[in-house]
Amino acid sequence: MMKRWSEPESVFAPLIAAVPPATDWAGYGNTLHAAAGSVPVAATFVKFKIANSFRFREGTRERQVLAHSGKQSQPFTARACLLHRMRDETGASPRTAYLWEVGLTHLKDGLCTPAVPADWDCALLQVTMYRLSGTGLAGAPQLALLRHLWAESVLAASPDAVVFGGAHHWKPEWWTENIAATVGERPGRKF
Amino acid sequence: MGLLAKSATRKRIQPAGGTVNSALLRDKPWLTNGGIPASGLIRSAALAHGLAGVKSVVGRGHQSVLFAPRGDTSMWVETGDFTHWTLVVGAAMADGSIAADWTVELAVDTGAGTTTVATTQWLTTDGALAQGDFHDSLRNELLRALALGRPTENGSESATSAASLAIPQAFEQDPPGPFALDFHLTTALDETAVREQLRLVGHRTLDTSGPLLRWSLGVPANQDRDHVSIATAPGRLDVRARVESARPTERRIAAQALRNFVRRAYVVISNRDDSAQYHGPREWQP
């Protein structure tokens with residue numbers, strides 16, 4: 001018996017979304033892909049020592065939200081993650097390169113009753129992985145923006161659509177920016 | 001000293017068991033009932049352990065503890081099915097790896113109503129478990145929270161969310177100024193097929209039933225200033241986008257959403273029409 005529980009200020013708490021039967025719309029997976037692609041790519045200049053050597057490496061490390069579906073997202077219908085890696089790195093990244101990940105589960109009829117009528121099309125978006133540091137959740141603004149864009153896309157699908165659970169609203173002060181100096185502009189350095 | 005420390009470490013890492021509060025097990029299935037508050041209880045146990053100022057040893061092998069390099073401690077929490085959780089505590093290395101202090105595995109048996117915590121990987125210094133008090137406290141809190149069905153004190157995820165959302169993001173370039181983008185796609189699809197395909201774009205719809213298809217871009221509160229529309233004509237789709245919200249940061253978000261929209265619109269049309277082509281500014285080409 002699912003209740004309409006609420007944790008409206010938490011970006012960790014899951015979101016439950018539901019649209020009435022026969023709603024003609026993009027679907028939960030497409031809206032998650034669109035939301036993930038709408039989160040700007042943050043970038044930081046870094047310089048670090050390469051393990052087990054005396055050499056240093058420098059470059060730009062990016063934070064980019066990526067979405068997957070199909071085989072790559074199993075056991076979830078779709079996944080989105082914040083990947084934190086060097087710009088020139090390609091291919092598969094280790095799990096440690098992810099700052100957080102959410103999994104989308106398309107729910108069968110009746111699993112959300114009585115919170116949602118049995119025949120509605122429901123989905124559960126859950127935070128499946130996160131990294132905590134001394135300052136809190138790494139990449140929280142990207143997660144909050146993804147949740148907001150996804151939830152609002154669902155709500156736009158039908159006037160009767162519902163989203164409840166964790167935080168899915170947006171405050172402009174959640175996205176503050178620093179403009180990092182580029183490599184060539186770093187004072188006192190020559191390239 | 002070393003032998004006593006090793007003996008104490010052996011005791012600390014032994015698996016320990018507990019129960020799951022019966023209220024969490026009352027309704028089935030676990031995923032949409034007990035699994036949701038149980039995940040919250042586990043988060044509260046993880047969040048209650050402040051990591052500010054905590055350091056992990058990142059060196060390995062035989063070296064003096066006094067001079068061993070240290071890094072800021074992080075905690076990684078992961079689950080795949082919401083009955084098993086992996087919690088890793090250690091330092092993030094610059095090359096992307098983790099110098100782990102230890103790994104705790106938490107398993108919930110929803111049939112038996114029991115929980116188990118086990119330490120599957122650990123680091124010792126002179127035989128003593130790295131961050132041993134933290135390790136014991138976390139394991140105990142996980143078992144306690146699930147047995148009582150009550151979150152850990154100081155483990156508020158709302159408070160952690162608020163603090164985390166105040167951290168600025170770094171970018172290389174300033175956000176764009178207000179701008180407009182006009183381009184068109186050529187396609188052999190008829191209007192019905194075009195509408196079917198564009199339905200899959202996934203961005204927030206403003207109007208997809210009238211003659212002009214419209215979507216918002218970025219933050220929905222700015223939908224009057226950040227939006228994109230498509231007018232269909234035989235063989236051609238005319239796209240007009242406006243990114244004009246007042247806040248620079250929200251223009252950045254809308255501009256990123258537009259780039260994604262252009263790519264997705266092109267892809268969904270191309271999926272049914274190999275001959276579809278983009279005609280517009282090169283820097284926006286999908």
Side-chain angles (χ1 to χ4, degrees), chain A residues 1-2 5 7 9-14 24-26 30-31 33-34 37-40 42-44 46 48-51 60 75 85 94 96-97 105 107 111-112 124 128-137 140-141 144-145 149 152-153 156-157 167 170 172 174-180 182, chain B residues 27 29 31-33 36 39-40 43 46-47 51-54 72 74-82 92-98 157-158 160-165 167-175 199-205 218-221 247 249-250 252-253 256-257 260 263-264:
Chain A
M1 293 252 298
M2 178 186 257
W5 57 275
E7 184 78 51
E9 298 300 326
S10 170
V11 295
F12 295 92
D24 185 22
W25 72 303
N30 282 323
T31 48
H33 277 266
S38 298
V39 179
T44 315
V46 292
F48 60 88
K49 184 178 172 293
I50 298 170
T60 301
R85 66 176 179 181
T96 52
T105 308
L107 298 170
L111 285 186
C112 294
L124 183 59
T128 56
M129 184 265 186
Y130 51 93
R131 173 182 158 187
L132 301 170
S133 65
T135 50
L137 171 67
L145 182 59
L149 296 177
E152 289 294 324
S153 295
W170 180 251
W174 286 350
W175 193 276
T176 53
E177 298 187 353
N178 286 332
I179 305 300
T182 60
Chain B
D27 297 313
L31 179 68
T32 54
N33 291 285
I36 291 175
S39 298
R43 285 195 296 273
L47 296 172
L51 298 173
V54 181
D72 293 334
S74 291
M75 185 192 303
W76 288 259
V77 183
E78 182 168 15
T79 181
D81 60 3
F82 298 91
M93 304 296 284
D95 63 2
S97 60
I98 299 175
E157 53 191 81
S158 298
T160 303
S161 297
S164 307
L165 287 164
I167 301 168
Q169 304 299 303
F171 289 90
E172 291 175 301
Q173 295 177 335
D174 289 326
R199 190 177 58 90
L200 304 176
V201 163
H203 283 258
R204 179 172 173 267
T205 55
V219 178
R247 290 174 194 271
T249 52
E250 291 179 349
R252 185 195 295 281
I253 295 168
Q256 174 69 30
N260 181 258
R263 189 182 66 79
R264 289 185 64 80

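Side chains included, hydrogens not; waters and symmetry mates left out as well; all remaining heavy atoms used. It should be emphasised that the depicted structure is a prediction, and the values quoted were computed from it without experimental measurement. First the proteins, then the strands, lettered A, B, ... as listed; each starts at 1.
- Taking chain B as the reference chain and counting heavy-atom pairs below 4.5 Å, the highest number among Ala156(A), Ala97(A), Gly136(A), Pro141(A) is found for Pro141(A).
- Tyr130(A) contributes atom OH, which lies 11.5 Å from atom OG of Ser164(B) (distance to the nearest 0.5 angstrom).
- Residue contact with chain A, scored on non-hydrogen atoms closer than 4.5 Å, is absent for Ser39(B).
- Between the side chains of Asn30(A) and Arg199(B), no donor N or O sits under 3.5 Å from an acceptor N or O.
- Without hydrogens or angle criteria, Asn260(B) side chain to Gln256(B) main chain gives no donor-acceptor distance under 3.5 Å.
- For the residue pair Ser158(B) / Glu9(A), no side-chain donor-acceptor distance below 3.5 Å is found, with atom types taken as modelled.
- For the options Asp81(B), Asp174(B), Val201(B), heavy-atom pairs under 4.5 Å to chain A are most numerous at Asp174(B).
- The greatest number of non-hydrogen atom pairs below 4.5 Å with chain A, out of Met75(B), Arg263(B), Glu250(B), is found for Met75(B).
- Residue Asp72(B) does not touch chain A at all, counting heavy-atom pairs closer than 4.5 Å.
- Looking at residues two or more places apart in sequence or on another chain, you find a salt bridge (Lys or Arg N to Asp or Glu O under 4.0 Å) between Glu177(A) and Arg252(B).
- Of the listed residues Ala257(B), Pro168(B), Ala52(B), the one with more heavy-atom pairs under 4.5 angstrom with chain A than any other is Pro168(B).
- Contact between Leu31(B) and Ile36(B) at its shortest, heavy atoms only, is O-CG1, 3.6 Å.
- Top candidate by heavy-atom pairs under 4.5 Å with chain B, chosen from Ala144(A), Ser133(A), Ala140(A), Pro40(A), is Pro40(A).
- Contact count versus chain B (heavy atoms, under 4.5 Å) is highest, among Leu132(A), Thr105(A), Thr31(A), Leu137(A), for Leu132(A).
- Top candidate by heavy-atom pairs under 4.5 Å with chain B, chosen from Ala167(A), Ser38(A), Ala26(A), Pro14(A), is Ser38(A).
- Most heavy-atom pairs under 4.5 Å with chain A: of the set Ile253(B), Thr160(B), Thr205(B), Ile167(B), this distinction falls to Ile253(B).
- Contact of Val54(B) with chain A is not made at all, since no heavy-atom distance falls under 4.5 Å.
- Residues satisfying the ring-ring contact (aromatic ring centres under 6.0 Å, His included) criterion with Trp25(A), sequence neighbours excluded, are Tyr28(A).
- Across every non-hydrogen atom of Thr60(A) and Ala43(A), the tightest pair is CG2-CB, 3.6 Å.
- Contact count against chain A (heavy-atom pairs under 4.5 Å) is highest for Gln169(B) among His203(B), Gln169(B), Arg264(B), Arg204(B).
- Heavy-atom pairs under 4.5 Å with chain A were tallied for Pro29(B), Ala163(B), Pro220(B), Ala46(B); the largest tally goes to Pro220(B).
- Side-chain contact between Trp175(A) and Arg247(B): absent, with no pair of heavy atoms (C-beta onward) separated by less than 4.5 Å.
- Across Met129(A), Glu152(A), Arg131(A), the residue that shares the most heavy-atom pairs under 4.5 angstrom with chain B is Arg131(A).
- Proximity to chain A (any heavy atom under 4.5 Å) is shown, for Arg43(B), by both the backbone and the side chain.
- Using modelled atom types, one side-chain atom of Ser161(B) and one backbone atom of Val11(A) make a donor-acceptor pair closer than 3.5 Å.
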